[in-house]
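FYI, side chains are in, hydrogens and waters are out, and symmetry mates aren't considered; it's all heavy atoms of this structure.
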Amino acid sequence: EKSEASEPQQDEHLISGWEEEVPADDTLMRQFVLNLIDEARAAVNDLGGDVVDTPHFFAADVRRPATFFNMAVFQRPIFEESADTVLPSLNAWCSAGTGMMLLLSPWPTPDFTSQGWALMGHPPIHVRPAGGVIPEVPPGIQIREVSDLASLLHWETVIIEGYPLEEMRDLAAGSLVTERMLAHSSCRRWVAYRGETPVGAVLAHVSHRINQVALVATLPEARRMGIGEALTWRATMADPSLPAMLMSSDEGRSVYQRMGYLPLTRATLWYRLRP
């Protein structure tokens, strides 16, 4: 028999884990979301553009077609009753930009199609405990960390062509990167070379006590050689004392699970096309 003391009081606030005052390390998912926001904010600061930060969502727009660099992230679950006010606010803010805008929710969402969004999918989010040893790279391949403008431009080329970022194929070199990015110790990049030709690239963003692995890309002619996995290891171990997290496609998840990544949950990813 339950005692009266065990029953929650009607005026008692039960923590959901997504309130602004909740510590950043409350859960791994909260760390992942805050890490994503840090990365997006840094990119906008470097490339120029705008951000908006509300209790419900954070959004970054570099004011050019740049796919994954124009992204909104929900900071708490959105339900039918809150979507009616949150989505119009987000739509009004991002309508001035061009190219695709992404909207990531770590949780299931209502249907946003009536408000101009299309469902991209439900990508799995994975976590890997800290530790391990980086395996040898494939024969004939060298992996170098980006340390100067020349290698940063190599990284840009591979990301655009290999990911691919279709919207950016016709833009000039330097549209996705700037030399200011080299000053951020929290954001690290690697390029894989076959000889002196760049064929693969990856990014790791280290904040809120996780290594976030993103933008694993390999040029078509260099795929199925283990280059993507070798690059992922570099980003995974950016800080070997920390766990790593990443969001993958269903096609690529077997590689990450072989590396020790564990599927944690599925996100909801929407997109909106702008003129």
Side-chain angles (χ1 to χ4, degrees), residues 13 15-110 112 115-117 120 123 125 176-178 180-181 183-188 203-215 245-247 265 267-274:
H13 174 60
I15 297 295
S16 72
W18 298 98
E19 295 84 353
E20 292 179 87
E21 67 273 14
V22 170
D25 61 353
D26 184 63
T27 64
L28 280 169
M29 280 304 301
R30 183 161 174 78
Q31 291 170 249
F32 180 73
V33 168
L34 294 176
N35 182 303
L36 279 174
I37 290 172
D38 282 356
E39 180 194 342
R41 193 190 301 274
V44 166
N45 287 342
D46 289 335
L47 295 172
D50 298 299
V51 301
V52 60
D53 194 348
T54 79
H56 288 96
F57 66 84
F58 173 91
D61 192 340
V62 295
R63 300 305 183 193
R64 73 198 75 174
T67 313
F68 293 95
F69 289 79
N70 295 329
M71 176 181 280
V73 182
F74 281 142
Q75 302 202 63
R76 60 181 62 185
I78 299 295
F79 305 104
E80 291 284 358
E81 59 272 18
S82 53
D84 290 340
T85 56
V86 173
L87 263 293
S89 175
L90 174 59
N91 286 344
W93 182 84
C94 72
S95 61
T98 61
M100 184 186 298
M101 170 67 75
L102 298 182
L103 173 56
L104 175 68
S105 172
W107 315 274
T109 69
F112 296 153
Q115 300 203 49
W117 296 84
M120 183 172 282
I125 296 175
L176 185 61
V177 297
T178 171
R180 290 189 296 274
M181 291 178 171
H184 299 310
S185 59
S186 62
C187 196
R188 300 173 61 186
L203 177 148
H205 191 260
V206 184
S207 73
H208 295 288
R209 297 197 56 75
I210 62 168
N211 301 309
Q212 184 221 139
V213 181
L215 296 174
M245 296 185 70
L246 58 80
M247 187 166 61
T265 188
T268 304
L269 191 60
W270 295 88
Y271 70 95
R272 181 184 182 93
L273 299 177
R274 304 175 295 175

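Side-chain contact between Arg41 and Phe58: present, with at least one pair of heavy atoms (C-beta onward) separated by less than 4.5 Å. Annotation: side chain of Gln75 is not in contact with side chain of Pro55 (no heavy-atom distance under 4.5 Å). Side-chain contact between Met245 and Asn35 is absent, with no heavy atoms from C-beta onward closer than 4.5 Å. Taking the side chain as every heavy atom from C-beta outward, Gln115 and Leu90 never approach each other to under 4.5 Å. Taking 4.5 Å as the limit, every side-chain heavy atom of Asn45 sits out of range of all side-chain heavy atoms of Arg180.
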Item to check | Stepwise side chain to side chain contact (heavy atoms under 4.5 Å, CB included) check, Leu36 with Met247 | outcome: CA-CA 11 Å; Leu36 279 174; Met247 187 166 61; 5.9 Å; no

Next on the checklist: Quick one, Trp93 with Asp50, criterion side chain to side chain contact (heavy atoms under 4.5 Å, CB included). Give me CA distance, side-chain angles, the key distance, then yes/no.
Outcome noted: CA-CA 10 Å; Trp93 182 84; Asp50 298 299; 3.8 Å; yes

Next on the checklist: Go through it in stages, so that I can follow the logic: the residues are Gln212 and Asp38, the test is side chain to side chain contact (heavy atoms under 4.5 Å, CB included), and I'd like the CA-CA distance, side-chain angles, deciding distance and then a yes or no.
Outcome noted: CA-CA 11 Å; Gln212 184 221 139; Asp38 282 356; over 6 Å; no

Next on the checklist: Test side chain to side chain contact (heavy atoms under 4.5 Å, CB included) on Val73 and Phe32; report intermediate values, then the result.
Outcome noted: CA-CA 11 Å; Val73 182; Phe32 180 73; over 6 Å; no

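A distance of 8.5 Å separates CD1 in Ile15 from CG in Asp26, rounded to the nearest 0.5 Å. Leu203 contributes atom CG, which lies 9.0 Å from atom CE of Met181 (distance to the nearest 0.5 angstrom). Considering CD1 of Ile78 and CZ of Phe57, their distance stands at 9.0 Å, rounded to 0.5 Å. With values rounded to the nearest 0.5 angstrom, Thr268 atom OG1 is found 8.5 Å from Phe112 atom CZ. Here the NE2-CG distance, from His208 to Leu28, works out to 13.0 Å after rounding to the nearest 0.5 Å. Note: Leu47 CG to Asp61 CG = 11.0 Å, rounded to the nearest 0.5 Å.
Between Gly17 and Val22, the shortest heavy-atom distance links the atoms O-CG1, 3.7 Å. Nearest heavy-atom pair across Pro77 and Phe79 is CB-CZ, 3.7 Å. Taking all atoms of both residues into account, the shortest heavy-atom contact from Arg64 to Gly48 is NH2-O, 4.2 Å. Listed here is the closest heavy atom pair of Met101 and Cys94: CE-CB, 3.7 Å. Scanning both residues, Ala267 and Leu104, for their nearest heavy atoms gives CB-CD1, 3.6 Å. Taking all atoms of both residues into account, the shortest heavy-atom contact from Pro110 to Trp270 is O-CZ2, 3.5 Å.
Checked by atom type and distance alone, the side chain of Asp25 never pairs as donor or acceptor with a backbone atom of Gln31 at under 3.5 Å.
Geometrically, Arg30 does not engage Trp107 in a cation-pi contact defined by less than 6.0 Å to the ring centre and at most 45° from the axis.
Looking at Asn91 and Arg272, their side chains do bring a donor and an acceptor atom within 3.5 Å of each other.
The environment of Arg274 atom CZ is dense: over 12 non-hydrogen atoms of other residues, nucleotides or ligands sit within 6.0 angstrom.
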